[in-house]
Amino acid sequence: MNRMTKLVSMFYFTACLLLLTTGEASAKRFKIAVGDAAGGTQDALGKKFVELLTAKSGGKHSAKLFHNGQLGSEQDTVNDAALGTLDFSILAINNITPFSPTVGVFTLPYVILSLDDAIKLTQGDVGKELIDNTIRDAKVRIVGWAYSGFRVLTNSKKPIKTVADLEGVVVRVPKNEIMLDTYKSWGINATPMAWSETFTALQQKVVDGQDNPYITVHAMKFYEVQKYVTNLRYLFSIEPLIVSESIFQGLDEKTQKAILEAGKETTDYSAQYLRDSEAAIKQDLVAKGMQIDNPADNEKEFIDRATKVVWPKFYESIGGKQKLDNVLKILGRS
Ligand code: MLT
């Protein structure tokens, strides 16, 4: 071994020893994929998380948000995080379900009927079990939850107030079997499409409509290409922050703790963000020319059809009928 090689080896040995003694990794600048444009729930969650993670790590670690699907479609980011080529992603729960089917219990129509329901489920035992299942099945860990409100239906063709009004309207949905089957129960074949392609498809009239929460419709500027809104309440949108499990396991304990604590506090912040912003955003969409229709009197038909057909079809994938029964019991329903 020459003198130079000896020096390099000594330096390497000392660095490893230091890492083992302190148990600390070097400063990180994590990448966080964000499916939506800036200005919505995902953005609010992401910014808060970065702020808290930086503070909790004493300024050592930081993270950068990449909006608008720059790092891939939402479903692609789950794959990338599973492979360890992406650190974090913020995405809609329905885009995790294909990789971790038991999470589908949060995507079943008309199960979550309010923000309180969403909080109770995500932050209780059901949420804990789904976090474990998602690590097992999808190799990603949910470290925070964002709440975006109900997915309302928008379209450029006509007001939709009844199930029958859906006829002839081409609706984009995520590549999610539960959502496809929900529209099927209402009599139409929806078009599965990645989120990152949706604005262009609406603009070019490849599809007439889509569903997403008011905050997302606003952040994505869908009012530029959509006129009509149907105030559906079939799906309450939950948007988790996930971290690659292999990357998480490679971090020192202090950093893991900072991530988990930042995620928890960000979750609380997200609920308040929804309470504070949804009404004003809805008003602004009307000011921007959107027409909001309420299917109130006709909602029973939407509910009856979807729950009767879709729930039983997915009992097996969510882990059995008793999983849904338990969720409904927790929510005080039968
Ligand atoms: C989707 O429709 O694919 C997602 O809900 C979009 C989003 O994450 O906002």
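Hydrogens, waters and symmetry mates are skipped; everything else that's a heavy atom, side chains included, is used. We count ligands from 1, going down the list as the structure has it; atoms in each ligand are counted the same way.
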Salt-bridge test for Lys56 and Glu265: reply yes if a basic N is under 4.0 Å from a carboxylate O, no otherwise. yes
Give the atoms of ligand 1, by number and element, whose distance to some non-hydrogen atom of Thr216 is under 4.0 Å. 9 (O)
Within ligand 1, which atoms have a heavy atom of Arg151 less than 4.0 Å away? 1 (C), 2 (O), 4 (C), 5 (O)
What part of Val173, side chain from CB on, backbone N/CA/C/O, both or neither, has a heavy atom under 4.0 Å from ligand 1? neither
Is NZ or CZ of Lys31 both nearer than 6.0 Å to the six-membered ring centre of Phe66 and within 45° of the ring axis? yes
Please identify which atoms of ligand 1 are closer than 4.0 Å to at least one heavy atom of Asp36. 7 (C), 8 (O), 9 (O)
For Arg172, take its heavy atoms, then give the atoms of ligand 1 lying under 4.0 Å from any of them. 1 (C), 2 (O), 3 (O)
Nearest-contact summary for atom 8 (O) of ligand 1 - protein heavy atom, Å: Glu74 OE2, 2.4 Å
Quick one: does Gln210 get a heavy atom under 4.0 Å from ligand 1? no
Glu239 heavy atoms within 4.0 Å reach ligand 1 at atoms 7 (C), 8 (O), 9 (O)
For ligand 1, find out whether one of its N or O atoms is nearer than 3.5 Å to an N or O atom of Gln42. yes
Note: Asn95, heavy atoms under 4.0 Å from ligand 1, region reported as side chain
Counting only heavy atoms not in Lys257, do more than 12 sit closer than 6.0 Å to its NZ atom? no
Ignoring hydrogens and geometry beyond distance, is a side-chain donor-acceptor pair present between His67 and Asp36 at under 3.5 Å? no
Just jot down the ligand 1 atoms closer than 4.0 angstrom to any heavy atom of Pro174, in number order. 1 (C), 2 (O), 3 (O)
In this structure, which one of Asp87, Thr134, Leu91 forms a side chain to side chain contact (heavy atoms under 4.5 Å, CB included) with Ile242? Leu91
Taking only Lys NZ, Arg NE, NH1 and NH2, and the carboxylate oxygens of Asp or Glu, determine whether Asp268 and Lys264 approach each other closer than 4.0 Å. yes
Listed by chain and number, what are the ring-ring contact (aromatic ring centres under 6.0 Å, His included) partners of Tyr110, not counting sequence neighbours? none
At a 4.0 Å threshold, what atoms of ligand 1 neighbour a non-hydrogen atom of Ala92? 4 (C), 5 (O), 8 (O)
Closer than 4.0 angstrom, basic N to acidic O: yes or no for Lys128 and Asp125? yes
